[in-house]
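All remarks here apply to the structure that follows.
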Amino acid sequence: MRFSPSESHRDLATLTRQILTDRVTNDWLREIEAKNICVDRPLWQELAKAGVLAAALPHRAGGDGLGLLEQCGVLVEVGRAVAPVPYLSGIVTAVAGLATFGNDAQLARWVAPALEGTVILTAALAVDGDVHAERVADRWVLTGARSAVPAAPDADLVLVPAEVDGRTAVFLVCSDDPGVTVEPQEIAGGEGAGWLDLDRVALADDRLLGSVADGRAIAAWLTARATIGSCAVQLGVTERALELTAGYTCDRIQFGRPIGTFQAVTQRLADAYVDVEAIRLTLWQAAWRLAEGLPCPTEVATAKFWAADAGHRVAHTAVHLHGGVGIDIDHRLHRYFVAAKHHEFRLGGATAQLRAIGAALTSVDPE
């Protein structure tokens, strides 16, 4: 395992941090939240113009040839800034899936504009709801629903795994296809979500990603990267929450001394530091093995466990040590709390997705 990030990794993360630090301020987040905006499209297009969206995608898709580790570096910065952008569901999951398994026509139609920030893609990977596909004449007909689809109200295309005669296939569903309904759902700490309802949606063969034979493995590929990506965001969220909390305990004076000098407070901070480092270690171990094409179902599940379990503890520690300020929604800390809770539960813990990863993670050859 490589224990230090590459120069390209560091440069891309630094560029992302600079852009997000300039744009994603507490006042700006408060303003867009008041308008019920879940995806900051101007910021998304700024990241596209800076090359952040394209950097960690294959050359055949118009990217710069970097990979999953660099994507995770970007996601850490997204988490640190709690930035309202769909980099996880859009680039790391849906666009990367199309770039890996899509044909040239699909890349030209969807990936190219996605890298320019003009369209948004996502994937419906949550286990809630079933989708079935059947062959009718020369079309695939999809029926069913999926809940909590990330960024669905803003997405132009959704990658939807569906059951086909006991097998799984992944389809490309446009938000404006006849029979498609997307209803916004209330969700905190993410890029928004929606209920996706499919009422006999007829799709041509060019809307099938890969083949039916490879569909199960493609769905597992998407789920593995979505899971690792969520862990990367959680690392950024908890890392920054701990920094804010450590700074607060140095400044907050009680009984004539900073509360950070009290033994009980320092113990909580030390435990939180250990938890953040555990998230970091398990994330990079799983991400490296996944990027290298090595078997890693246990590592992915372990990373998700630590992101959920340790993320829970760090979030609550941050709120507790901030006292009353920690539950004030005008204070920036509350966003880190809800973001940590969001990624604690995102895609679940010991769910069907993680079991599917172990069965099919490396069973498909994208070439």
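As the structure is a computational prediction, the values presented were derived from the model and not from experiment. Sequential numbering from 1 along the given sequence is applied to the chain's residues.
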ask   = Do the side chains of Leu125 and Thr93 get nearer than 4.5 Å, heavy atoms only?
value = yes
task = Using a 4.5 Å cut-off on heavy atoms from C-beta on, say whether the side chain of Val82 contacts that of Leu29.
result = yes
task = From the options Leu235, Thr16, Ile228, Val233, select the one residue that forms a side-chain contact (heavy atoms from CB on, under 4.5 Å) with Leu75.
result = Val233
inquiry  = For the backbone of Ala226 and the side chain of Ser230, can you confirm whether one donor and one acceptor N or O come within less than 3.5 Å of each other?
reply    = no
ask   = Can you check ring pair (Phe, Tyr, Trp, His ring centres under 6.0 Å) on His9 and Trp284, steps first, answer last?
value = CA-CA 13 Å; His9 181 140; Trp284 291 120; 5.4 Å; yes
request  = Walk me through it: do Leu68 and Glu70 pass the test side chain to side chain contact (heavy atoms under 4.5 Å, CB included)?
outcome  = CA-CA 5 Å; Leu68 178 63; Glu70 288 77 18; over 6 Å; no
ask   = Less than 4.5 Å apart, any side-chain heavy atom of Val92 and any of Tyr87?
value = yes
inquiry  = Please determine whether side chain to side chain contact (heavy atoms under 4.5 Å, CB included) holds for the pair Arg225 and Leu290, giving the CA-CA distance in whole Å, both sets of side-chain angles, and the decisive distance to 0.1 Å.
reply    = CA-CA 8 Å; Arg225 277 151 180 77; Leu290 193 60; 3.7 Å; yes
ask   = So, Gln71 side chain and Ala55 main chain: donor-acceptor pair closer than 3.5 Å or not?
value = no
message = I want to check something: taking the side chain as every heavy atom from C-beta on, are Leu321 and Tyr248 in contact at a cut-off of under 4.5 Å?
response = no
query = Between Glu163 (side chain) and Thr168 (backbone), is there a donor-acceptor pair under 3.5 Å?
reply = no
message = Please check if the number of heavy atoms outside Asp104 that lie under 6.0 Å from its CG is greater than 12.
response = no
inquiry  = Between Gln185 and Ser147, is there a side-chain donor-acceptor contact under 3.5 Å, judged purely by atom types and distance?
reply    = no
key: Joint cluster assignment, Phe255 & Val265, ILVMFWY side-chain distance < 4.5 Å   = yes
Arg10 (side chain) donor-acceptor with Pro5 (main chain) under 3.5 angstrom = yes
ask   = At their closest point, which heavy atom of Pro86 faces which heavy atom of Val39, and how far apart are they?
value = CD-CG1, 3.7 Å
note = Taken in chain and number order and not counting sequence neighbours, the residues that satisfy side-chain contact (heavy atoms from CB on, under 4.5 Å) with Asp177 are Val173, Cys174, Val180, Val201, Leu203, Arg207
task = Check whether any side-chain N or O of Glu77 sits under 3.5 Å from a backbone N or O of Val74 as a donor-acceptor pair, and report yes or no.
result = no
query = Who are the salt bridge (Lys or Arg N to Asp or Glu O under 4.0 Å) partners of Asp176, not counting sequence neighbours?
reply = none
task = Enumerate the residue pairs fulfilling side-chain hydrogen bond (donor to acceptor under 3.5 Å, both in side chains) with a member in residues 319-334, sequence neighbours excluded, ordered by first and then second residue.
result = Arg268-His320
query = What are the two closest heavy atoms between Leu121 and Ala94, and how far apart are they?
reply = CB-CB, 3.7 Å
task = Give a yes or no answer on whether the side chain of Tyr336 reaches the backbone of Ala318 with a donor-acceptor pair at less than 3.5 Å.
result = no
ILVMFWY cluster, Ile327 and Val338 together (side-chain gap under 4.5 Å) = yes
message = Test of understanding: with salt bridge (Lys or Arg N to Asp or Glu O under 4.0 Å), list the residues that count as partners of Asp275, not counting sequence neighbours.
response = Arg313
message = For the residue pair Arg257 / Thr261, report whether a side-chain donor-acceptor contact shorter than 3.5 Å exists.
response = yes
request  = State, yes or no, whether a side-chain contact exists between Asp214 and Phe101 at a heavy-atom distance under 4.5 Å.
outcome  = no
Backbone N/O of Val274 and side chain of Glu277: donor-acceptor pair under 3.5 Å = no
inquiry  = Just so I know, are the side chains of Arg289 and Pro295 near enough to count as touching, which here means a heavy-atom distance under 4.5 Å?
reply    = yes
task = Please check if the side chain of Asp156 supplies one atom and the backbone of Ile120 the other of a donor-acceptor pair under 3.5 Å.
result = yes
request  = With rounding to the nearest 0.5 Å, note down the distance linking CD1 in Ile218 to OG in Ser211.
outcome  = 6.0 Å
request  = Could you go through the side chain to side chain contact (heavy atoms under 4.5 Å, CB included) check for Gln285 and Thr302 one step at a time?
outcome  = CA-CA 10 Å; Gln285 180 188 35; Thr302 300; 5.8 Å; no
task = Please check if the side chain of Arg60 supplies one atom and the backbone of Ala99 the other of a donor-acceptor pair under 3.5 Å.
result = yes
ask   = So, for Ala96 and Leu57, which heavy atoms are closest and what is the spacing to 0.1 Å?
value = CA-CD2, 3.8 Å
query = Does a side-chain N-to-carboxylate-O contact under 4.0 Å join Glu344 and Lys341?
reply = yes
inquiry  = Within the supplied structure, the quantity of interest is the number of heavy atoms (other residues, nucleotides, ligands) at a distance under 6.0 Å from Glu7 CD; does it exceed 12?
reply    = no
ask   = Taking atom NE2 of His312 and atom OG1 of Thr238, what is their separation to the nearest 0.5 Å?
value = 13.5 Å
query = Does the Thr118 side chain pair with the main chain of Pro113, one donor and one acceptor, at a distance under 3.5 Å?
reply = yes
ask   = For Thr227 and Thr223, what are the C-alpha separation, side-chain angles and deciding distance, and is it a side chain to side chain contact (heavy atoms under 4.5 Å, CB included)?
value = CA-CA 6 Å; Thr227 302; Thr223 301; 4.0 Å; yes
inquiry  = If hydrophobic clusters are built from ILVMFWY residues whose side chains come within less than 4.5 Å, do Ile187 and Trp195 share one?
reply    = no
pair Lys49-Ile19: side-chain heavy atoms closer than 4.5 Å = no
query = Going only through I, L, V, M, F, W and Y residues with side-chain contacts under 4.5 Å, is there a path from Trp28 to Ile37?
reply = yes
query = Do the non-hydrogen side-chain atoms of Pro258 and Asp251 ever get within less than 4.5 Å of each other?
reply = no
key: From Asp154 atom CG to Arg41 atom CZ, the distance as rounded to the nearest 0.5 Å   = 5.0 Å
query = If you measure from CG on Leu208 to CH2 on Trp140, what distance do you get to the nearest 0.5 Å?
reply = 6.5 Å
message = Tell me the closest heavy-atom pair linking Ala278 and Trp306, and the distance in Å.
response = CB-CE3, 3.5 Å
ask   = Does Asp205 have any salt bridge (Lys or Arg N to Asp or Glu O under 4.0 Å) partners at least two apart in sequence or in another chain, and if so, which?
value = Arg135
task = Taking all heavy atoms of Cys231 and all of Leu283, pick out the closest pair and write down the distance.
result = CB-CD1, 4.0 Å
request  = Working to the nearest 0.5 Å, report the span between CD of Glu243 and OH of Tyr273.
outcome  = 11.5 Å
query = Is the closest basic N to carboxylate O distance between Asp130 and Arg146 below 4.0 Å?
reply = no
request  = Indicate yes or no: does Glu239 engage Arg280 in a salt bridge with an N to O separation below 4.0 Å.
outcome  = yes
Nearest heavy-atom neighbours spanning Ala272 and Leu242 = CB-CD1, 3.8 Å
request  = Kindly compute the distance separating CG (Leu333) from CZ (Arg335), expressed to the nearest 0.5 Å.
outcome  = 10.5 Å
Single-linkage hydrophobic cluster, 4.5 Å side-chain cutoff, Val182 and Leu142 together = yes
inquiry  = Between Glu31 and Arg23 (salt bridge meaning N to carboxylate O under 4.0 Å), is one present in this structure?
reply    = no
message = Tell me every residue that passes salt bridge (Lys or Arg N to Asp or Glu O under 4.0 Å) with Asp27, counting only those two or more places apart in sequence or in another chain.
response = Arg30
